[in-house]
Colleague: 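My questions all concern the structure below.
Computed from a prediction, not measured in an experiment: that's the story for all the values here.
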Amino acid sequence: MLSGLLSPHQPISIQGCATQLFFYLTFGISNCFLLTAMGYDRYMAICNPLRYSVIMGKEACMHLASGSLGIGLGMAIVQVTSVFGLPFCDGFVISHFCDVRPLLKLACTDTTVNEIVNFVVSVCVLVLPMGLVFISYILIISTILKIASAEGRKKAFATCASHLTVVIVHYGCASIIYLKSKSQSSLGRDRLISVTYTVITPLLNPVV
């Protein structure tokens, strides 16, 4: 994907494009649910500190991580199968990396069903996890405000700041791309936003 962005006139096979889309969706969707799991982890650490080590043990963390990856794989298979089951015109040019929306625009048939599938998957992957993270932070903030000392409140907020920063950038950019209507799409803007949350955000994660 990075190579294609740097060399825009690079050819890619249908199989290569499908592979790129599969990994892109798998890791992107898995990240959405991992961020939700991290929100739950922050909730347990701040709202139930005495039970944290019991509830969030190694086994629970493994289940959350493997569950996130499993959902990512399942959703990616659905999306890739849906998109690459369509007929494409010969010699098409994709002015983007292999993502669902740009590929649907290149199909030589009606894509209404695929648009619906894409929207349903997007809602499940973005709205549901965002809602759970939002609920977690409502409970976290209400608990933090009950802490008597200013130093204690500051420390509790600091433990959440990095996670909240990544959540806002990742979900914010992804929502702009996947939850808007087809008529509102702008290829150049979509490409810029996609690069932000697929390339820049992961690079910032270690710093954050």
Colleague: Atom CD1 of I14 and atom OG1 of T19: how far apart are they, to the nearest 0.5 Å?
Modeller: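 Interatomic distance, I14 CD1 to T19 OG1, rounded to 0.5 Å: 11.0 Å.
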Colleague: With the 4.5 Å side-chain cut-off for hydrophobic clustering, are F119 and V127 part of the same group?
Modeller: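 Yes, F119 connects to V127 through the hydrophobic network.
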Colleague: Using 0.5 Å steps for rounding, measure from the CD atom of Q79 to the CG atom of N114.
Modeller: 9.0 Å
Colleague: Could you tell me which non-hydrogen atom of F88 sits nearest to which non-hydrogen atom of C108, and how far apart they are?
Modeller: C-SG, 3.7 Å
Colleague: Starting from I168, can I reach M130 by hopping between I/L/V/M/F/W/Y residues whose side chains sit under 4.5 Å apart?
Modeller: yes
Colleague: Evaluate R101 against E115 for side-chain contact (heavy atoms from CB on, under 4.5 Å), listing each step before the verdict.
Modeller: CA-CA 8 Å; R101 276 270 174 90; E115 291 283 347; 3.9 Å; yes
Colleague: Check whether any side-chain N or O of T81 sits under 3.5 Å from a backbone N or O of V78 as a donor-acceptor pair, and report yes or no.
Modeller: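 Side chain of T81 to backbone of V78: no pair is present.
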Colleague: To the closest 0.5 Å, what do you measure between CG (L73) and OG (S68)?
Modeller: 11.0 Å
Colleague: Yes or no on side-chain contact (heavy atoms from CB on, under 4.5 Å) for F33 and L69, after CA distance, side-chain angles and deciding distance?
Modeller: CA-CA 8 Å; F33 285 93; L69 183 58; over 6 Å; no
Colleague: Are Y52 and I46 packed together at the side-chain level, in the sense that at least one heavy-atom pair is separated by less than 4.5 angstrom?
Modeller: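 No - every pair of side-chain heavy atoms lies 4.5 Å or more apart.
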Colleague: Per the side-chain contact (heavy atoms from CB on, under 4.5 Å) rule, which among L139, L132, T143, I135 passes with Y43?
Modeller: L139
Colleague: Are V121 and I116 linked, directly or through intermediate hydrophobic residues, by side-chain heavy-atom contacts shorter than 4.5 Å (ILVMFWY only)?
Modeller: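 No; V121 is not reachable from I116 via cluster members.
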Colleague: When clusters are formed by joining ILVMFWY residues with side-chain heavy atoms under 4.5 Å apart, either directly or through shared neighbours, do V80 and F27 land in the same one?
Modeller: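 As far as the 4.5 Å side-chain criterion goes, F27 and V80 are connected within one cluster.
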Colleague: Which heavy-atom pair separates G72 from I29 by the least distance, and what is that distance?
Modeller: CA-CG2, 3.7 Å
Colleague: Starting at OG of S82, measure out to CG of L104 and round the result to the nearest 0.5 Å.
Modeller: 7.0 Å
Colleague: Write down the atom of Y40, the atom of L64, and the distance for their closest heavy-atom approach.
Modeller: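 Scanning both residues completely, I find the closest heavy atoms to be CD2-CD1, 4.4 Å.
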Colleague: Mark yes or no for whether H163, through its side chain, and L35, through its backbone, hold a donor-acceptor pair below 3.5 Å.
Modeller: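 Yes, the answer is positive, given that a donor and an acceptor are paired below the 3.5 Å cut-off.
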Colleague: As an exercise, state the distance from OG1 of T36 to CD1 of I71, rounded to the nearest 0.5 Å.
Modeller: 8.5 Å
Colleague: Would you say that L21 contacts V100 through its side chain, given a criterion of any heavy-atom pair below 4.5 Å between the two side chains?
Modeller: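 Yes; the side chains approach each other to less than 4.5 Å.
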Colleague: Could you state whether I140 and L34 fall into the same hydrophobic cluster, counting links through intermediate Ile, Leu, Val, Met, Phe, Trp or Tyr residues with side-chain heavy atoms under 4.5 angstrom apart?
Modeller: no
Colleague: What's the separation between atom CG in L164 and atom CE in M38, rounded to the nearest 0.5 Å?
Modeller: 11.0 Å
Colleague: Any side-chain heavy-atom pair from L126 and C32 closer than 4.5 angstrom?
Modeller: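 With C-beta onward as the side chain, the pair touches.
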Colleague: On a heavy-atom basis, which atom in M56 and which in C61 lie closest, and how many Å separate them?
Modeller: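 Scanning both residues completely, I find the closest heavy atoms to be O-SG, 3.9 Å.
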Colleague: Minimum heavy-atom separation for L25 to A76, with atom names?
Modeller: CB-CB, 3.8 Å
Colleague: Locate the shortest heavy-atom distance separating Y137 from R42; write the atom from each residue and the value.
Modeller: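 Heavy atoms of Y137 and R42 come nearest at OH-CG, 4.3 Å.
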Colleague: Is the backbone N or O of A107 less than 3.5 Å from a side-chain atom of T111, with the two atoms forming a donor-acceptor pair by type?
Modeller: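 It does not hold such a pair.
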